[in-house]
Structures are given as structure tokens and as C-alpha cells.
Amino acid sequence: MSLPDRIDPRPPRRIYRWDLDKTYLQTDFESLRDLFRTAFQKAHEKVAVPGASALIRELAEQGDSRLCIVSGSPKQMRAVLEEKLKLDGVQWDEFVLKDNVSNLLRGRFRALRGQVGYKLPVILESRIHAPVEAEEVLFGDDAEADAFIYSLYADLIAGRVDERVLAQVLEAGGVYPDDAARVHEAWKKIPIADPVRRIFIHLDRLTPPAHFTAYGPRVVPIFNYFQAALVLLADGHLTAPQVLKIAVEMVQTAGHNIITLSNSFQDLLRRGLPLQQAAIALSQAMEGPNALLKAMRPVPDILAAFSKRLAALGTQPPPPRVQAVDYVSLISHALPRTHKGRSTKPQT
Amino acid sequence: MVGKPQHITIAFDVMGSDHGPAEVVRGAAQLSLESPHIHALLVGDRPVIDEALAGIKHNGERISVHHAGDYVGMDEKPGEALARKPESSVAVAARLVAEGEAHALVSAGNTGAGVLACKRHFQLIPGVRRAALATVYPTRGVRGAKQDPFSLILDVGATVEATAEDLVAFAVMGSAYARIISRNERPKVALLSNGVEPQKGPPRVVEAHQRLSQMAGLNFTGNVEGIDIPRGTVDVIVTDGFVGNVCLKMLEGVHDTVMELAQYAYKESLRWRAGLAMLSSGIERLKDITDWEQYGGAPILGFDRIFIKAHGRSKARAIANAGKVAAKAVANELGTAIQEGLAK
């Protein structure tokens, strides 16, 4: 774990946990060739997912949050990854990378690709030091087991998962005994609270959203970070002008346009996310002291397109059902992908 | 007339296809993964579309939904159905295209209702009195940069009768479509008649022949006979809707009969069965070459907006291809090409 990059005396009100590869960075490691290319890329050659750095910067604007990054990239990549984050203007508080050399030397081959035994103890240990009331929002992707691990983490600290289920999951997930012990130890030190508000899963592989239905409405699969920004506006983590700034950056730097943004907005509405108030807040953001936003192309057009997409839906779909997550039956989601690829059969 | 847009939105009439809405949604989803510049506007019952979409791989940035609670069934009378169901998916989709929310319409539903919805919401291109339904069919020859084995025939049933003026317009529209979609720079265009001589055929065909012969920019080769249709001697065959529809049904009937004969042969004789088995890879290759699904659908030509009528039995691949054909027609400004052709 690296030392904090900044020293903030105030306890954090919010914690944002991010994965790096395929969540923050556009990374290809489908083939050995991709893997080598990624390993030898320089910081300026690495490309962030559109809107990711803008979103992190806007979330940090409030000044009362912590950014904790946990990545499966090897520790040897720390320097280049840190340089990339600095180039993007991203300041972090925790930055954990995987010690795969140690795993290799100790013959822990399951741990090389396993995610549960790596990420779960790390984020639980990080939570020990957080104030009980600190809310959390987590960001991951559909390439690995992020939806599973983050949900399990949220339900563990909320006291919704018992020790028997945890033991079953860790065993089925192929977690080594010492990592399992770390999980149990850290978990016992954390006071029961329910701080995880959202888990965003970036659909890098375009996994069908229904694949994540079993995790309940807390998990929000997203096609882009504008969608995350809209949900975070509705959740009170961002203001409307901040969301518009993210949208404008995505239009100006990443080839997004009115259609992709308004389609993204409607996609969330169709999945039952209550964004009507967020849409009103965006319209109002152009009034008063923020009237300057009107001149920021293409903000007025984006908002007009939103109204059309909203009207096109007819009646608003019901919000997604809250349900208990059955981690034992979902453990296959947490196992490393085989070459045959993971099934994307939707859960019912 | 629609200008050349950077991003193309295709409105899909999701309801009314033989395979149900899920197949059309799958086709649009496939399109969203394959063609970054094409956006799909799915028009139909929103809960049904949402359920289908949530379970399949798609790109949510390139798909939007417009709710339409009604639809016209395959067996319904188009005029009556549209009057009774003004909010049917095909009517709403055509209206959205006319209002500029999408650039083209794709429907696998009731053909008559699709044509009628377009008549109500679209404008005819100046110089065109009647729209024409065109269709492609496999031939012996290949044509254009794509080595396309398909020829185009129009009209195959949008209107029963056609004047000489209509036939001229059909020739120009068919030529423009073949040039843009098959990438055939100078498609050979002919009139269907009962003889190759210019004076053969009913008066309207003779008059159309005279006028087409004088048109600059059109590669008019004269008349062809019925026998030339499957031979593929020309790239575009022009006729009226009545004759065109009879020809189309006959081609389909011949195809079905040949398939039935092959099945009969397979059952009746061991020698024939062995022969067919030996030919199986060739037959499969032939099937690939003449696979109508790769072509997507039949265009309705003559309106200021594009309408591609996909086959009622279209599966996802054919629907996605219909979307691509529609986008190609929009990107290459088919309407403008037809208008320019008519002005010459």
C-alpha cells in the first residue's frame, strides 16, 4: 500500500473505491500480446475510459472524500500507473496493487488470477480505518468479479451475510487459508453499518445488464461514466453543473454526442432508476449563476434530447426489486474466466 | 430531403414480425455492436423491448426506445388497421422518421401497413408520382464491386398499375439504388416486356422505352423477357406492380418446387441421395451466395425518406443487415441521387 498522496485532517464523509483496468483505464489483456503491450506501455500511452478522470475530479471537488484504488495490476507497474493518474489530475489516498511475484514464488497459482482472495481482504482492511458514518461508492467492471466482491463486501459490513455463508463462498472461490483468515479478522474489526450506496459496473465487455439483476438495484451496470454521474446526481454526490461538465468533457474529448448521451440517460430510466429529479436539476442548472452553461455547447441540445427521450417512454417503469443476494449460487461469477468465456445468461 | 448526417438513426418497427419483437430487438442489438455510426430507435411496446434488451449483449449508447402500445398484425387489412390503431408501432415509427427523429425506417411487419404509413407521413420525391416496392433475387451472374449475385426488380406490388412516366421513374430509382447499395457504377436497366424489340409490349411500355432511351446518365439496355429474369442479364428490371408481383411469386414458387423435388429425389433413390450428398458442399455454398438474409430487405423507393421492408420471417442477422442497408442508403443520399437522376 502506498502512502497517502495528500494529508487531509478531516475524516472522510465519502469513500470512492476504484478498480483500475477496464474500470478507469482502457486495458486489453485478452491475449498474451495484449498483456505484453499493456505491461510495457508508458504512462502517456495509457488511455482512461472516457469521463472516468473527470468524474473522479468532480467527486473530489467536495473536499470531504477519499479515493481508494485497488487494482489487480502487478506491483511492478506502480510507477507508471501513478504517473498516469497524475497526468490525468487524479489524486488518490490509497493505491493497492497485487503482489503476483510473491504469489508466484510461493507457488500460490490460484491467487495469480483469483480476485476474491485478493480484493476482499484489501477493501475490508481499508474499511477498518474509515469512520462508521462514511458512505461508499464502488467502481468496477464486468471483466472480473467486481460486482460479486463489492456486493459481498457491502453485505458483510452491513451484517447481512453470516459466517457460514462467508466460509462457503471463500472455499468455493478457491481463497487460500491465510487470505480467508485476513477476511475474517478484518470483518470482525468493522462495526456494523450499511455504508455502500452504489456499485457501478463499467460494461467493458458489454455484458447484458440483466446479468447483474441478482445483485439488486445497488449494483448499476453502466455503459459510460456519464451514466454514473447521472445516478450520483440523483444520489446527491454531484451537482447538476458538475454532471454537465463531465458530459461536455466526454463530448469534446471522447467522441460522445447528443444521441449517445441521451440514449445513456434513457437506458437508465428504462432500468427503473429514478432520474426525473436529476433531469429537472440539469435543466435548472442553466439558470441563475450557472447561466454561462447555456453557452457551453452542446449543453442546451443535450437537455432538449433528454426531454424527448423521457417523453418517448410513456409510463415510467417500476424501480428494480430489492432482494437478498444469494452469494453461494453466484460464486461462479467470482471465479476467474476460462478461455471459453463466462456465461452471460441473465439471472432471474 | 434528408442531408448527409454524421450519425444515422434507424427506426425499427419492433412489433408485427413473424418471429415476434425479441428477434427484431436482437437484430438492433447486433447492429449496435457492429456499426458505431448507426443508432437504433426501437419503436414498440416498451416493457417487451426492455425485457428483451436487458438479457442480450448490446451497446446502450446506440439504442433508444419509443413506446408504441399497439401494432398491426400480419393478417390485418392495412387501411382499416392503421385507421383503428393510429399509435401502432409502424405508424409511430414512420411519423418519427418524418419528424426527423430517425433517418430511415425498417419494418418486418405487415407490408401494406408499412407502405400506407409511409404514404401518410413521407413525401414523394419531386418527379415521382408513385412509390415502388423493389426486391432483390438471386441470379446466375454477378455484378458491381461487391460481386453481387442479386438483381433488383421493381415494382413488385406497391401499386397495381403504372404509366410510362411511372416506369421511367422506377428505372431511375432502381438504378440509383443498385449504384449505391450494390456499388455497381453503371447498373444495366431494362424494361420487362414480351419481346426485346422496342415496339413490343403494351403502349405504356413502348412509350417508357422511348423515353428511357433518351435519358442521359442511365444505362438503359432496352427490353428483356421473362426468361432473362433468372439469368441476370441486367441489374435492374422495371415493370408495373401487377406483373412484378406475379414474377416475384413465380420465382418463389420455382424455388420451393426445386427444393421439394430435391427432397423427393433424396427419399426415392439411393443413387440420387448419394449424388446429393456429394453435391452438399456446393449446395451449401450456393445457399450462402443466394442467402437473402445478407441483403436485409426490400426498399420502398420514391419517398423522401428511406423505408426498408424486411422479410416477415427475418431473423436477427437479416434485421441488422436491413438496418445497415438503410443506413447506407441514407449516408449515400439515395433520395438526392433519385431526384438528380429524374432531373436529367
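Naming: A, B, ... by sequence-line order, numbering from 1 per chain.
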Cut-off 4.5 Å, heavy atoms of chain A, and the answer for B:Glu101 is side chain
Whatever's closer than 4.5 Å to a heavy atom in chain A on B:Leu33 counts as side chain
Taken to the nearest 0.5 Å, the spacing of A:Phe212 CZ from A:Arg271 CZ works out to 10.0 Å
So CG of B:Asn59 and CD of B:Glu34: to nearest 0.5 Å the spacing works out to 12.0 Å
Assert top hit (heavy-atom pairs under 4.5 Å, partner chain B, pool A:Asn257, A:Leu268, A:Asp267, A:Leu261) equals A:Asn257
* **Check: A:Phe223 ring centroid to B:His58 ring centroid under 6.0 Å** => yes
CZ (A:Phe265) and OG1 (A:Thr260) are apart, to the nearest 0.5 Å, by 14.0 Å
For B:Ala29 and B:Ile63, the nearest pair of non-hydrogen atoms, with its separation, is CA-CD1, 4.0 Å
Residues passing the side chain to side chain contact (heavy atoms under 4.5 Å, CB included) test with A:Val328, sequence neighbours excluded, are A:Val165, A:Gln168, A:Val169, A:Asp326
Residues B:Arg26 and B:Gln30: side-chain donor-acceptor under 3.5 angstrom = no
Looking only at heavy atoms, the pair that brings B:Arg313 and B:His19 closest together is O-NE2, 3.0 Å
So, the part of B:Arg62 with a heavy atom under 4.5 Å from chain A: the answer is backbone
Contact list (residues 64-93 of chain B to chain A, heavy-atom gap under 4.5 Å, by number) returns B:Ser64, B:Val65, B:His66, B:His67
